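Along the sequence shown, residues are numbered consecutively beginning with 1. All figures in this text were calculated on a predicted structure; none of them were measured in a lab. Side chains are part of it too, since the values below use all heavy atoms of this structure and drop only hydrogens, waters and symmetry mates.
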Amino acid sequence: GAVAAPPAGPPAVAAPPVKGKGKKSAREKREALKEARKQRTTDEKWAKRVAERQAAEKLEADRKAADVETARQIAAADAARKSEELEAQRQAVQVVQERRAAARRAEADRLAEEASEREARRLQAELQAELDREDLEAARRLAERLDAEDEAARGAGENVAAAASPHASQSVAA
C-alpha cells in the first residue's frame with residue numbers, strides 16, 4: 001500500500017543571531033540552545049520521515065519488480081501451456097487426418113476390389129458365352145457332319161442295294 005508522505009518542504013532554518021550586541025545574555029543563550037534543540041528535533045524528525053519514505057519507496061519498487069517478475073513467469077508459463085495445447089491439438093488433428101486418409105484408402109481399395117470382382121465376373125461371363133457359342137458352333141458342325149455322313153451312308157446303302165439287284169448288275173456290267 002501507499003505510505004503517507006510527510007509534507008514537502010525544507011526543514012525550518014534557525015534564525016540568524018541578532019547583530020549589534022557583542023555578548024549574549026544567559027537568557028539569550030538558553031533560548032538559542034532551546035531553539036537549536038528544537039531545530040535538531042525537527043531535523044531528526046524530517047530525516048526519519050525521509051528515511052521511512054525512501055524505505056517505503058524501495059519496498060514498493062521491490063514489490064513492483066517482484067510483481068513484474070511474477071507476471072513474466074506467469075506469462076511464460078501460460079505461453080508454454082498454450083504452446084503445448086496447440087501442439088496437442090495439432091497432433092490430434094494429424095491423427096484424425098491420418099485416420100480419415102486410411103479410411104479413404106481402405107474404401108478405395110474395397111471399391112477397386114469390388115470393381116475388379118465385377119470385371120472378373122463380366123470377363124468370366126463373356127468367356128463362358130464365347131465358349132457356349134463355340135460349343136454350339138461345334139455341335140452344329142458335328143450335327144451337319146453326322147447328317148452328311150448319314151446321307152452318305154444312306155446313299156452308299158442305296159448304291160449297294162442297287163448293285164445287289166439283278167437290274168443294277170446289268171447296268172453296272174454295261
Side-chain angles (χ1 to χ4, degrees), residues 1-10 45-174:
V3 177
K45 284 180 184 173
W46 271 102
K48 186 177 175 186
R49 284 183 186 160
V50 166
E52 286 173 354
R53 185 174 69 228
Q54 286 174 344
E57 287 171 354
K58 184 178 184 330
L59 210 72
E60 181 68 13
D62 290 349
R63 189 189 62 74
K64 283 181 181 175
D67 288 351
V68 166
E69 177 60 20
T70 302
R72 189 196 64 72
Q73 289 173 351
I74 290 171
D78 281 350
R81 184 180 46 76
K82 284 178 185 171
S83 175
E84 288 171 4
E85 286 174 0
L86 287 174
E87 178 61 20
Q89 286 175 352
R90 188 192 64 74
Q91 287 177 353
V93 166
Q94 185 176 356
V95 166
V96 168
Q97 287 173 339
E98 287 171 359
R99 284 184 184 157
R100 285 182 181 161
R104 283 194 300 269
R105 283 192 301 273
E107 180 66 10
D109 290 348
R110 187 186 63 75
L111 290 174
E113 181 70 25
E114 283 180 9
S116 67
E117 285 175 8
R118 280 195 306 272
E119 180 66 11
R121 284 194 300 270
R122 185 185 66 75
L123 289 174
Q124 182 68 33
E126 281 182 15
L127 181 61
Q128 190 60 49
E130 183 67 28
L131 290 174
D132 290 348
R133 278 194 299 275
E134 288 176 2
D135 286 350
L136 283 173
E137 181 64 27
R140 188 186 58 75
R141 283 197 306 269
L142 179 62
E144 287 176 357
R145 196 181 84 219
L146 290 176
D147 284 348
E149 287 176 4
D150 199 32
E151 279 295 317
R154 259 191 257 124
E158 287 171 5
N159 287 342
V160 169
S165 76
H167 302 292
S169 60
Q170 290 170 357
S171 65
V172 168

Practice item. Could you list the residues that satisfy salt bridge (Lys or Arg N to Asp or Glu O under 4.0 Å) with Asp147, not counting sequence neighbours? Key: none

Check your understanding: Taking only residues two or more places apart in sequence, or in another chain, which ones meet Glu130 in a salt bridge (Lys or Arg N to Asp or Glu O under 4.0 Å)?
Key -> Arg133

Review point. Taking only residues two or more places apart in sequence, or in another chain, which ones meet Arg140 in a salt bridge (Lys or Arg N to Asp or Glu O under 4.0 Å)?
Key: Glu137, Glu144

Review point. By salt bridge (Lys or Arg N to Asp or Glu O under 4.0 Å), which residues pair with Asp78, not counting sequence neighbours?
Key: Arg81

Review point. Step by step, would you call Arg49 with Glu52 a salt bridge (Lys or Arg N to Asp or Glu O under 4.0 Å)?
Key: CA-CA 5 Å; Arg49 284 183 186 160; Glu52 286 173 354; over 6 Å; no

Review point. Going through the checks in order, is the salt bridge (Lys or Arg N to Asp or Glu O under 4.0 Å) test met by Asp109 and Arg105?
Key: CA-CA 6 Å; Asp109 290 348; Arg105 283 192 301 273; over 6 Å; no

Study note, to complete from the structure: From the list Arg121, Arg122, Glu117, side-chain contact (heavy atoms from CB on, under 4.5 Å) with Glu119 holds only for Arg122

Review point. In Å, rounded to the nearest 0.5 Å, how long is the span from CG of Leu111 to CZ of Arg104?
Key: 13.5 Å

Review point. To the nearest 0.5 Å, what is the distance between CD (Glu87) and CD (Glu84)?
Key: 9.5 Å

Point to revise | Set of residues satisfying side-chain contact (heavy atoms from CB on, under 4.5 Å) with respect to Arg99, sequence neighbours excluded | key: Val95

Practice item. Kindly compute the distance separating CG (Leu142) from CG (Leu146), expressed to the nearest 0.5 Å. Key: 4.5 Å

Check your understanding: Who pairs with Gln89 by side-chain contact (heavy atoms from CB on, under 4.5 Å), at least two apart in sequence or on another chain?
Key -> Leu86

Review point. Checking Ser83 side chain against Ala79 main chain: does a donor-acceptor pair fall under 3.5 Å?
Key: no

Check your understanding: So Glu151 and Arg154, salt bridge (Lys or Arg N to Asp or Glu O under 4.0 Å) or not? Walk me through it.
Key -> CA-CA 5 Å; Glu151 279 295 317; Arg154 259 191 257 124; 2.9 Å; yes

Check your understanding: Among Arg90, Gln91, Gln97, whose side-chain hydrogen bond (donor to acceptor under 3.5 Å, both in side chains) with Gln94 holds?
Key -> Arg90

